[in-house]
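What follows is a short report on a single structure.
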Amino acid sequence: MPAPSRDALALGAVGAVALLLRAAAAAIRAPWHDEYFTAWAASIPWPDLLAALRVDSGPPLPYVLVRIGSVAGLEPLAAARAVSV
């Protein structure tokens, strides 16, 4: 297996720095309205979640992922932030 190219390593380094900066920003800034809505949606039963998503303009996958994270034991707001990062 050949070693990664210099360009691939540079791109990976830039991606890692961007991920660290985004994670740090998510950890220190206050939650905003959409994150509160996502956390609320993750705390309601599945049928109610599907009904709530019918009136939301966003894609349903992030809400479903946050709900799964919440069921797995994460705090809903932490799960919402993890999905956004």
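These numbers come from the heavy atoms of this one structure, side chains and all, not from hydrogens, waters or symmetry mates.
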Where at least one partner belongs to residues 43-55, residue pairs that pass side-chain hydrogen bond (donor to acceptor under 3.5 Å, both in side chains), sequence neighbours excluded: none
Member of I68, L65, L61, L74 meeting the side chain to side chain contact (heavy atoms under 4.5 Å, CB included) criterion with V83: L65
Within residues 75-85 or reaching into it, pairs that qualify as side-chain hydrogen bond (donor to acceptor under 3.5 Å, both in side chains) - sequence neighbours excluded: R22-S84, E35-R81
Nearest heavy-atom neighbours spanning V66 and P76: CG1-O, 3.8 Å
Side-chain touch P62/T38, heavy atoms, less than 4.5 angstrom: no
Summary of ring pair (Phe, Tyr, Trp, His ring centres under 6.0 Å) pairs that have at least one residue in residues 63-85, sequence neighbours excluded: F37-Y63
Shared hydrophobic cluster for I44 and L77 (ILVMFWY, side-chain gaps under 4.5 Å): no
Student check: side-chain heavy atoms of D7 and L11 closer than 4.5 Å: no
ring-ring contact (aromatic ring centres under 6.0 Å, His included) partners for Y36, two or more places apart: none
Linked hydrophobic residues, V71 as query - side chain contacts closer than 4.5 Å: none
Of all pairs that satisfy side-chain hydrogen bond (donor to acceptor under 3.5 Å, both in side chains), the ones with a partner from residues 64-73, not counting sequence neighbours: none
